[in-house]
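First comes the structure, then the notes that go with it.
Because the structure is a prediction, the values reported are computed rather than measured.
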Amino acid sequence: MQLYSIASGSSGNCIYVSDGTSGILVDVGISMKRVREGLEKLECSLQDIDAIFITHEHSDHISGLGPILRKVPIPVYATADTIAAIWEKSNMKNISPDLFHSIRREEDIELGNMGIHSIPISHDAADPVCYTVEHEGKRIGIATDMGMYDDKIINNLGNCDAVLIEANHDINMLQVGPYPYALKMRILGDKGHLSNDTSARLIREILHTDLQYILLGHLSKENNFPDLAYQTVLYELEKCETWNQNQTEMLVAKRYEPTELLTIK
C-alpha cells in the first residue's frame, strides 16, 4: 500500500492512498491544478482515481471538489450530513448528485481490493469522520481535525502500519498569537484541533512495533512549526519502550507540496 500527502495543513488537505491497483483521495481542499500536479509526480491522473472520501465540509478539505467533479465524474463518499453541508455551502453547479454516496459512521466500504472504514471524530462540523484503509492485512489511518480522541480512535488506529495524525498547533504559540479569543477557544476545545502535545499522547497510545510510518499533518500556519511539532512528539515517544526510530519513521507532511511517497511493506 502507498500513502502520499499531496498537501496537508490549515491551508488545504489532500491525501492519496493506493493498493497498487485502485487509488483514492481523502479530501480535496486544494486547487484541481495542485491535485493534478501532485498526482503527476506518481505518473497518475485524476482519471485514475476511483473515489474521493471526504472527512467533513470545511473549505480546507473540499475547496477543490466542485472543479474536479465538473472535469472528472469521480464518486464521492461522505456521511449524509456532510454531503448535505457540501451542497449547502459549496458551488456544486453542473454536478450530478448521483456522484455522491452517503456512508454511515463505522461502516466498511469495499472499493476494489481495499476496505475503507469510517470512524466518528469530535470536530465542529456536520458529521465528521476519519478513515482507515486496508488491503491484504496492511492498514493506513488518516485522522485529523479532532479536538479530542477516544477509545474508538485508539482502537482503529492502533493496528495501522502507517498513520497520518494531526499535530495542529503548539498551545503556547496559539495562546499568545494574534487569533481572536473566540477562535483560540474553538481550536483548544473538544471540537477543535489536536495540539502537538495531545497528538504525541495519541501516538503513544497507538504505537506498536509494526508501525512503519508516522506522518504528522494538518499543521497550523500561524501556530506551529514543522520542527516544533516533530520534536514535541519525538520527546514523548522517546519515553516509550516500544519506540524504535529504526523501525518506525516519523515525518512532517508538507503544507504546499507533496511529501515523499510512503510504501507500506
Side-chain angles (χ1 to χ4, degrees), residues 3-5 7-10 13 15 26 55 119-123 128-133 138-177 179 184-255 259-260 262 264-265:
L3 171 63
Y4 179 62
S5 173
S8 183
S10 55
N13 300 271
I15 312 300
V26 177
T55 59
I119 308 123
I121 56 175
S122 179
H123 194 53
V129 295
C130 63
Y131 294 104
T132 61
V133 186
K138 300 298 182 182
R139 179 179 291 190
I140 291 171
I142 300 168
T144 68
D145 295 76
M146 48 189 179
M148 56 178 288
Y149 62 87
D150 56 18
D151 288 342
K152 283 184 181 179
I153 299 291
I154 294 170
N155 292 337
N156 279 278
L157 299 182
N159 59 354
C160 286
D161 299 277
V163 291
L164 189 156
I165 299 285
E166 175 175 58
N168 177 257
H169 60 276
D170 173 76
I171 294 175
N172 291 329
M173 284 184 68
L174 176 62
Q175 288 175 333
V176 302
Y179 280 7
K184 291 179 182 181
M185 291 301 99
R186 170 189 168 266
I187 293 169
L188 290 168
D190 286 348
K191 292 184 178 295
H193 292 275
L194 292 187
S195 68
N196 295 339
D197 297 283
T198 309
S199 178
R201 291 193 291 271
L202 171 56
I203 292 169
R204 282 193 66 175
E205 292 271 13
I206 66 171
L207 185 66
H208 58 91
T209 54
D210 292 327
L211 181 60
Q212 296 178 37
Y213 294 106
I214 299 166
L215 189 56
L216 303 180
H218 209 293
L219 273 66
S220 167
K221 182 180 178 181
E222 293 80 10
N223 302 305
N224 213 349
F225 296 110
D227 191 56
L228 178 57
Y230 182 92
Q231 293 299 332
T232 301
V233 175
L234 181 63
Y235 177 77
E236 286 297 321
L237 292 182
E238 286 177 337
K239 302 176 188 177
C240 191
E241 291 182 1
T242 53
W243 171 244
N244 185 335
Q245 281 187 282
N246 294 322
Q247 291 180 324
T248 306
E249 183 178 358
M250 184 165 67
L251 309 92
V252 179
K254 297 177 182 178
R255 176 181 304 279
T259 306
E260 65 182 85
L262 305 180
I264 315 306
K265 301 173 183 176

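Pairing each heavy atom of Q245 with each of Y230, the nearest pair is NE2-OH, 3.6 Å. The minimum heavy-atom distance linking P226 with L219 is given by the pair CA-CD2, 3.6 Å. In terms of heavy atoms, L164 sits closest to S5 at CD1-CB, 4.4 Å. Closest non-hydrogen pair, V26 versus Y131, comes out as CG1-CD1, 4.1 Å.
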* **Worked verdict on L237 versus M250 for side-chain contact (heavy atoms from CB on, under 4.5 Å)** => CA-CA 11 Å; L237 292 182; M250 184 165 67; 4.1 Å; yes

* Could you go through the side-chain contact (heavy atoms from CB on, under 4.5 Å) check for Y235 and K239 one step at a time? => CA-CA 7 Å; Y235 177 77; K239 302 176 188 177; 3.4 Å; yes

* Asked: Taking it one step at a time, do T259 and S8 satisfy side-chain contact (heavy atoms from CB on, under 4.5 Å)?
  -> CA-CA 9 Å; T259 306; S8 183; over 6 Å; no

* Give the C-alpha distance, both sets of side-chain angles, the deciding distance and a yes or no for side-chain contact (heavy atoms from CB on, under 4.5 Å) between Y149 and C130. => CA-CA 11 Å; Y149 62 87; C130 63; over 6 Å; no

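Looking at S122, its side chain never comes within 3.5 Å of a backbone N or O of M148 through a donor-acceptor pair. The backbone N or O of C160 lies less than 3.5 Å from a partner atom in the side chain of H208, making a donor-acceptor pair. Checked by atom type and distance alone, the side chain of K191 never pairs as donor or acceptor with a backbone atom of R186 at under 3.5 Å. Formation of a donor-acceptor pair under 3.5 Å by the H193 side chain with backbone atoms of G147 is not found in this model. Within the 3.5 Å criterion, the main-chain N or O of G177 finds a donor-acceptor partner in the side chain of K184. For the pair D161 (side chain) and R139 (backbone), a donor-acceptor distance under 3.5 Å is present. No donor-acceptor pair closer than 3.5 Å links the side chain of S199 to the backbone N or O of L194.
Among pairs with a residue in residues 213-227, none fulfils salt bridge (Lys or Arg N to Asp or Glu O under 4.0 Å), at least two apart in sequence or across chains.
Taking the ring pair (Phe, Tyr, Trp, His ring centres under 6.0 Å) definition, one finds that Y4 meets it with nothing, sequence neighbours left out.
Screening R255, H218, H169 for a side-chain hydrogen bond (donor to acceptor under 3.5 Å, both in side chains) with S10, the sole residue that qualifies is R255. A side-chain contact (heavy atoms from CB on, under 4.5 Å) with T232 is found for one member of D197, N224, I171 and no other, namely D197.
Within the 4.5 Å cutoff, no side-chain heavy atoms of T209 are placed close to those of N244. Looking at H123 and T55, their side chains never come closer than 4.5 Å, going by heavy atoms from C-beta outward. Counting only heavy atoms from C-beta outward, the side chains of D145 and P128 never approach each other to under 4.5 Å. Residues I154 and L202 have side chains in contact (heavy-atom distance under 4.5 Å, counting atoms from C-beta outward). Looking only at side-chain heavy atoms (C-beta outward), L262 and L251 come within less than 4.5 Å of each other. Between L157 and I165 there is a side-chain heavy-atom pair separated by less than 4.5 Å.
The structure places CD1 of I214 at 5.0 Å from CD1 of I203, a figure rounded to the nearest 0.5 Å. In this structure, L3 CG and I140 CD1 are separated by 5.0 Å, a value rounded to the nearest 0.5 Å. If you take CE on M185 and OH on Y179, they are separated by 13.5 Å, rounding to the nearest 0.5 Å. To the nearest 0.5 angstrom, L216 atom CG is 12.0 Å from N168 atom CG. Rounded to the nearest 0.5 angstrom, I206 CD1 and N156 CG are separated by 10.5 Å. Note that SG of C240 and CD of E205 are 9.5 Å apart. Values are rounded to the nearest 0.5 Å.
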